[in-house]
Amino acid sequence: MHLAALMPWLLGCTPETNVSALTPEIAVVSEVVEFGDQAVLYEVESSNYISNAGRVDLELSLSLSGDEYGVFGLPVTSMTVAPDTTWTMPVTFLPDEYLDYTGLIEVTTNDPERPLVLISLTGTGVPAPAPDIALSSLTLDFGFVTTTSTNFITLSNQGDADLVLGSVTQTGSGAFVLSTDPSGQTIGPGDDYPILITYAPTAATGDNGTLTITSDDPDEPELQVTLLGNGGGSYEYPIASINCPTDADPPEFLQLNGTASYDPLDPDAVLAYEWWVSESPVGSTSYIEPATSETTSMWVDLAGSYEVQLAVTNELGVRSAPARCEIDAVPPDLIHVELLWNTPNADLD
């Protein structure tokens with residue numbers, strides 16, 4: 001067919017008017033990210049969703065503006081979103097004061113219809129739930145006692161989060177003995193815990209000591225209770241000190257050393273030693289032998305937590321407050337099997 005014959009047909013054609021352009025198309029689920037109330041100094045992460053409804057890759061560049069206090073964060077500042085896919089955009093919020101905060105995310109795109117998308121940020125810093133330790137008294141005075149007397153103080157949690165206690169330590173006279181030891185206890189909001197203490201006089205002029213209680217209370221991590229008996233006296237008491245390993249590989253013997261113990265009134269005084277295991281795993285037969293020398297051995301038989309204590313007494317019969325050492329027994333093997341039984345004729349296959 002000649003070109004002249006085709007001309008009428010070619011001249012009758014009209015251009016296609018519904019051909020889709022090959023461009024990206026941004027779609028944002030929400031143009032506001034609301035963090036609401038968040039605890040001060042605690043970071044939180046939220047998300048927004050950006051989709052590409054176009055036919056080619058959507059290129060994104062993100063930046064923050066209007067964040068006067070620098071509390072918002074963009075872990076990712078650029079991204080390529082393929083056609084027909086959605087990207088989860090992370091945003092963080094770390095309030096540092098009790099304020100209302102605002103900010104803006106500027107999203108620059110290669111979408112010809114929406115080259116700039118703005119996403120507003122809002123959030124409010126509020127107080128974080130926290131424990132609040134309280135004691136019924138910071139002094140426990142037993143008055144005048146001839147034999148023994150038991151008294152108590154009440155430890156309570158007045159906060160709105162769990163209170164976790166650390167290890168309770170004693171200094172001063174060993175005439176005061178903890179009948180209930182709160183070490184390691186968790187006290188719920190509004191709950192309390194009685195700490196019972198028994199006093200048996202040792203010095204003619206009276207006894208005194210200090211009970212130190214540590215916890216995760218953010219503004220009172222340590223509290224001290226003064227213990228007084230028979231007037232309190234002004235005696236300087238012997239001081240027990242333990243050097244021991246903090247971990248063990250059971251079963252094994254651990255070496256304990258109390259040679260750093262001393263009497264401040266007479267550094268050359270001969271001291272009497274008393275060791276004991278105050279905490280051990282269920283089923284353990286742990287022991288210390290000999291229990292009355294300045295250096296000794298402790299049998300650690302099972303995996304778990306142990307606590308050993310030492311008290312020393314000087315030549316006048318005055319006893320120190322006990323020193324503590326905590327030991328964590330963790331076998332190094334990936335598989336560790338312990339068998340316990342309480343009958344004389346166990347049949348184990």
Side-chain angles (χ1 to χ4, degrees), residues 16-132 157 159-164 166 186 188-189 214-221 328 330 332 334:
E16 180 63 52
T17 58
N18 61 353
V19 175
S20 298
L22 298 179
T23 59
E25 182 181 341
I26 188 172
V28 180
V29 170
S30 175
E31 296 188 5
V32 178
V33 176
E34 297 178 329
F35 285 92
D37 292 342
Q38 295 298 331
V40 167
L41 300 182
Y42 286 86
E43 185 176 69
V44 65
E45 182 175 297
S46 185
S47 300
N48 201 355
Y49 301 94
I50 298 179
S51 299
N52 180 8
R55 301 178 62 186
V56 296
D57 287 348
L58 174 67
E59 302 293 342
L60 305 177
S61 178
L62 298 87
S63 62
L64 284 169
S65 65
D67 183 13
E68 180 181 357
Y69 299 94
V71 296
F72 298 105
L74 284 174
V76 180
T77 57
S78 63
M79 178 59 58
T80 298
V81 183
D84 296 324
T85 60
T86 298
W87 173 52
T88 302
M89 179 189 71
V91 189
T92 62
F93 178 45
L94 178 58
D96 54 7
E97 293 187 52
Y98 306 133
L99 297 173
D100 293 324
Y101 296 94
T102 60
L104 197 65
I105 300 176
E106 298 181 359
V107 184
T108 303
T109 83
N110 61 337
D111 181 340
E113 300 294 328
R114 299 186 69 188
L116 179 64
V117 176
L118 301 179
I119 300 174
S120 298
L121 305 173
T122 64
T124 301
V126 297
D132 183 12
N157 178 9
D160 49 12
D162 284 348
L163 173 71
V164 180
T186 298
T214 60
S215 72
D216 62 349
D217 183 315
D219 58 3
E220 290 182 296
D328 192 17
V330 180
L334 294 178

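Please read all numbers here as calculations on a predicted model, not as lab measurements.
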- prompt: Can you find a pair of side-chain heavy atoms, one from V107 and one from S61, that are under 4.5 Å apart?
  reply: no
query: What is the distance from atom CD1 of I26 to atom CD of E59, rounded to the nearest 0.5 Å?
result: 11.5 Å
query: From N157 CG over to D162 CG, what is the distance, rounded to the nearest 0.5 angstrom?
result: 7.5 Å
- prompt: Is L163 close to D216 at the side-chain level, that is, under 4.5 Å between some pair of heavy atoms?
  reply: yes
message: Quick one, P131 and P218 - any side-chain contact, counting heavy atoms below 4.5 Å?
response: yes
statement: Closest heavy-atom pair, V91 versus L74, reported as atoms and distance to 0.1 Å, is CG2-CD2, 4.4 Å
field: Separation of D67 CG from F72 CZ (nearest 0.5 Å)
entry: 6.0 Å
Under the side chain to side chain contact (heavy atoms under 4.5 Å, CB included) test, residues paired with S30 that sit two or more places apart: V32, N48
statement: Of all heavy-atom pairs linking P90 and E45, the shortest is CB-OE2, 3.8 Å
- request: Determine whether L60 and M89 make a side-chain contact, defined as any pair of heavy atoms from C-beta on separated by less than 4.5 Å.
  value: no
task: Work out which heavy atom in P75 is nearest to a heavy atom in G73; give both atom names and the distance.
output: CD-O, 3.5 Å
- prompt: CG of L94 to CZ of F35: how many Å apart, nearest 0.5 Å?
  reply: 10.5 Å
- prompt: Taking the inter-plane angle between the rings of Y101 and F93 on a 0 to 90° scale, is it parallel (under 30°), tilted (30 to 60°) or perpendicular (over 60°)?
  reply: perpendicular
message: Once side chain to side chain donor-acceptor pair (under 3.5 Å) is applied, what residue pairs with a partner in residues 102-119 remain, sequence neighbours excluded?
response: E31-R114, S65-E106
field: salt bridge (Lys or Arg N to Asp or Glu O under 4.0 Å) against E34, all qualifying residues, sequence neighbours excluded
entry: none
- prompt: Is L118 close to I105 at the side-chain level, that is, under 4.5 Å between some pair of heavy atoms?
  reply: no
- prompt: Which pairs, with at least one residue in residues 83-92 and sequence neighbours excluded, count as a side chain to side chain donor-acceptor pair (under 3.5 Å)?
  reply: S51-T86
message: Using the ring-ring contact (aromatic ring centres under 6.0 Å, His included) criterion, which residues pair with Y42? Sequence neighbours excluded.
response: none
- prompt: Are L104 and L121 close enough that some pair of their side-chain heavy atoms sits under 4.5 Å apart?
  reply: no
Pairwise side chain to side chain donor-acceptor pair (under 3.5 Å) hits with a residue in residues 115-132, at least two apart: D100-T124
message: Please report the interatomic distance CD(E97) to CG(L41), rounded to the nearest 0.5 Å.
response: 9.5 Å
field: Which atom of P95 lies closest to which atom of G125, heavy atoms considered
entry: CB-CA, 3.7 Å
Residue pair N52 / P24: nearest heavy atoms and the distance that separates them: OD1-CA, 3.8 Å
